[in-house]
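Structure, as structure tokens:
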Amino acid sequence: MTTAPRDPAPASAGTGDSRDADPPGRPPRRLLSRAARSAPGSLSVLLAARATGAVTALLVPTALAAATDTVLTGRPATGPVLVLGALLALGTLAHSAAEAAAGAGSATVTGWLRRTLLRHLIASGPAASGRLSPGDLTGRLVGGAQEAALAVTAVPEAVVACCVSVGGLAVLFGLDPWSAATLLLAVVPALALMRTLTVRSADLFLRYQRIQGDIAALLVGALAGARTIRACGTADREVRRVLAPLPSLAEAGRGAWGVQRTVVTRMLLVVPVVQTAVIAVAGHGVSTGRISPGDLLAVIACTTLALRFLEQTDGLVGFARGRAGLRRVAEVLGDGARAPGTGPGAGTDAGTEADVDTGAGAGDHPRAGAVSLRAVTVRRGAATLLDSVDLDLPAGSLTAVVGRSGSGKSTLAAVVGGLARPDRGRVLLDGVPLSLLPPAALRRRVAYAFERPALLGSTLHEVIAYGRPGAPRAAVVRAARLACADTFVSRLPLGYATPTDRALLSGGEVQRLGLARALLQDASVLVLDDATSSLDTITSMRVGRVLTDHLRDRTRLHITHRASSAASADRVLWLDRGRVRACGHHTELWQDPRYRALFSGPDVPGGAPGGPAPGRAADPAPARRPEDRP
């Protein structure tokens with residue numbers, strides 16, 4: 001299978017959108033409230049059904065007392081019995097409706113959380129993921145969101161249960177203050193037990209989910225390197241490595257359920273003792289004439305209602321799991337750079353889409369594309385990837401970017417088109433800050449081709465047209481010809497209709513498809529992030545002529561290791577450790593032996609000192625082979 005595009009370095013987490021972020025260690029309340037608002041219908045029905053059931057439950061003791069006293073006195077009991085039956089039936093219906101609404105609400109909230117997280121990751125790009133691996137992000141997207149939904153539906157349940165307990169205690173005070181006072185003696189220790197359950201379980205469940213994410217990350221990494229693992233015969237060792245966190249996972253799971261077991265066991269001891277004490281006090285009241293036999297039954301029922309909050313251990317465990325899931329989702333939502341067009345002032349003044357784009361589709365926007373970087377700094381943790389870079393890319397210019405690995409080339413490429421947000425400084429496109437450009441307008445103005453492009457689409461036609469859905473066949477073929485991809489696509493039995501997963505493509509062919517996709521977008525700015533590194537020398541020269549001869553009306557930024565590509569550019573930007581070391585024409589820079597060494601050092605396989613471009617004699621091993629699959 002082809003690999004995903006190489007992600008540019010992420011911007012600092014400090015530039016993230018903090019709407020959903022809460023202080024460390026605290027539940028993500030903002031995200032909880034937003035998630036609750038995503039399912040107003042289901043949660044409203046849930047709350048109404050639980051409230052109806054609560055009111056019904058509070059009325060049942062009184063109705064039971066009335067029916068019992070009526071029967072004991074020999075009076076006609078048809079009316080009281082019918083009222084009691086109606087209340088019981090209403091309570092049953094309310095319970096059924098609440099269960100259905102809880103399921104629907106949980107599903108809706110889960111979907112909303114997944115969509116929100118996915119949109120954030122896609123819109124913010126690599127900066128949103130920060131230090132998280134794809135496996136961990138997948139775990140948060142799938143399992144974390146589902147767990148988080150439990151917290152949202154548990155809140156109405158807990159609120160209603162508390163209201164029922166308070167109401168039951170109030171009714172109990174009206175029936176027999178002595179019984180109510182006896183019941184209050186159990187409230188303080190019970191609340192302490194429930195708090196212990198919630199806090200300790202939440203911490204353990206958070207640890208459990210984090211270890212799950214670690215295992216997922218290890219598994220994804222092993223699957224990505226399946227061919228290497230098979231070639232080295234290290235499958236057993238990799239299995240042990242992936243499963244190494246299992247003991248810690250088991251320990252966290254046993255700890256969580258151990259806390260629940262301890263709390264539930266103590267609850268089981270507390271509740272019968274309290275009920276027995278209340279019934280004893282109420283029984284003494286019947287013997288002394290303080291209350292009637294019917295009131296005794298009502299006292300017993302009210303005691304059960306008042307202790308309802310003690311029956312919420314399952315709900316509290318669900319809330320603890322959900323809060324852990326919410327924290328893991330909120331960590332991602334608060335850990336990435338805002339997407340372009342969502343910063344302060346977006347959509348106003350020069351940032352409105354009407355001002356920056358006609359909205360008529362690809363190819364209809366004004367052809368400009370001047371890019372300016374002003375004191376741009378990008379950090380990743382303690383490392384500085386770009387350091388106060390000032391740069392102007394005139395509209396229609398071709399700029400080659402060269403430098404050793406780690407010099408900041410891909411970070412610069414990501415910043416130019418808004419895939420990464422600088423920690424300091426500004427990036428402007430035709431004088432408009434990228435933070436003010438709506439995302440759709442920015443994507444129409446800047447196109448990318450990567451070193452390892454992901455082939456997204458069910459056919460090769462859809463792969464090329466991915467950035468411009470609905471593009472006509474003629475436009476797709478023209479873009480493929482410019483990218484030198486039409487030759488090998490046309491040789492396939494089904495041509496452009498070839499299913500993507502059935503196309504055996506080399507690394508160079510995959511790069512040409514990615515380049516064709518970028519060319520089809522017809523953007524003002526074209527960024528090639530080492531997008532020709534796997535091409536053979538002849539194909540690279542052909543693509544170079546396309547860049548210089550056919551795309552003169554576009555601003556082109558070409559990250560490259562080839563001397564020929566640097567020589568054909570209008571100017572060369574030489575990066576060294578995140579700073580601009582030199583900027584000028586290739587022939588001028590060639591006089592510096594350190595510049596010449598860039599094209600013959602260990603970063604350039606097959607390079608030779610001096611002379612023309614080192615080139616690569618042949619494409620690397622095919623990127624899409626059956627044996628690559630685990």
Side-chain angles (χ1 to χ4, degrees), residues 1-10 121 126 129-144 206-254 328 331-332 380-381 383 404-406 409-410 450-456 499-511 513-514 529-531 533-536 561 601-607 616-630:
M1 299 295 289
T2 54
T3 56
R6 180 180 62 185
D7 289 338
L121 291 172
S129 61
R131 57 181 174 77
L132 303 177
S133 68
D136 192 10
L137 286 173
T138 302
R140 294 170 192 252
L141 183 65
V142 178
L206 181 60
R207 183 186 172 206
Y208 186 89
Q209 292 178 19
R210 283 176 173 166
I211 297 173
Q212 281 184 318
D214 294 340
I215 294 176
L218 291 171
L219 178 60
V220 170
L223 292 176
R227 184 171 58 174
T228 300
I229 293 170
R230 237 185 347 262
C232 295
T234 57
D236 292 340
R237 187 172 70 193
E238 284 301 310
V239 169
R240 290 193 297 271
R241 186 177 70 89
V242 171
L243 299 182
L246 274 182
S248 299
L249 184 71
E251 180 184 355
R254 285 193 298 267
R328 284 173 56 76
E331 284 173 0
V332 178
R380 179 193 290 167
R404 297 288 186 187
S405 295
K409 302 186 299 296
S410 289
F450 297 102
E451 179 186 8
R452 295 186 293 272
L455 302 188
L456 303 174
T500 307
D501 57 357
R502 292 175 56 188
L504 298 178
L505 305 174
S506 70
E509 290 168 343
V510 170
Q511 282 193 344
L513 289 175
D529 187 3
D530 216 6
S533 58
S534 295
L535 304 186
D536 59 80
H561 290 284
D603 291 341
V604 188
R616 295 186 181 177
D619 287 343
R624 188 180 290 272
R625 299 290 188 193
E627 61 267 24
D628 290 346
R629 300 171 185 167

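Values below: all heavy atoms of this structure, side chains included; hydrogens, waters and symmetry mates excluded.
Nearest heavy atoms, Gly508 versus Leu535: O-CD2, 3.4 Å. The shortest heavy-atom contact between Leu218 and Pro245 is CD1-CG, 4.0 Å. Across all their heavy atoms, Leu249 and Gln212 have their closest contact at CD1-CG, 3.7 Å.
With contacts defined as side-chain heavy-atom distances shorter than 4.5 Å, the pair Thr500/Leu456 does not qualify.
Within a 6.0 Å sphere centred on CZ of Arg241, other residues, nucleotides and ligands contribute more than 12 heavy atoms.
Rounded to the nearest 0.5 Å, atoms CZ (Arg254) and OH (Tyr208) are 10.5 Å apart. Note: Ser534 OG to Glu509 CD = 11.0 Å, rounded to the nearest 0.5 Å. Within the model, atoms CG of Leu246 and CD1 of Ile215 stand 4.5 Å from one another, a figure rounded to the nearest 0.5 Å.
A distance-only check finds no donor-acceptor pair linking the side chain of Lys409 to the backbone of Asp530 [under 3.5 Å]. Counting only distance, with no hydrogens or angles, the side chain of Glu238 and the backbone of Ala222 share no donor-acceptor pair below 3.5 Å.
Residues passing the side chain to side chain contact (heavy atoms under 4.5 Å, CB included) test with Leu219, sequence neighbours excluded: Leu223, Val242.
Paired with Ser533 under the rule side chain to side chain donor-acceptor pair (under 3.5 Å), one option of Gln511, His561, Arg452 passes, and it is Gln511.
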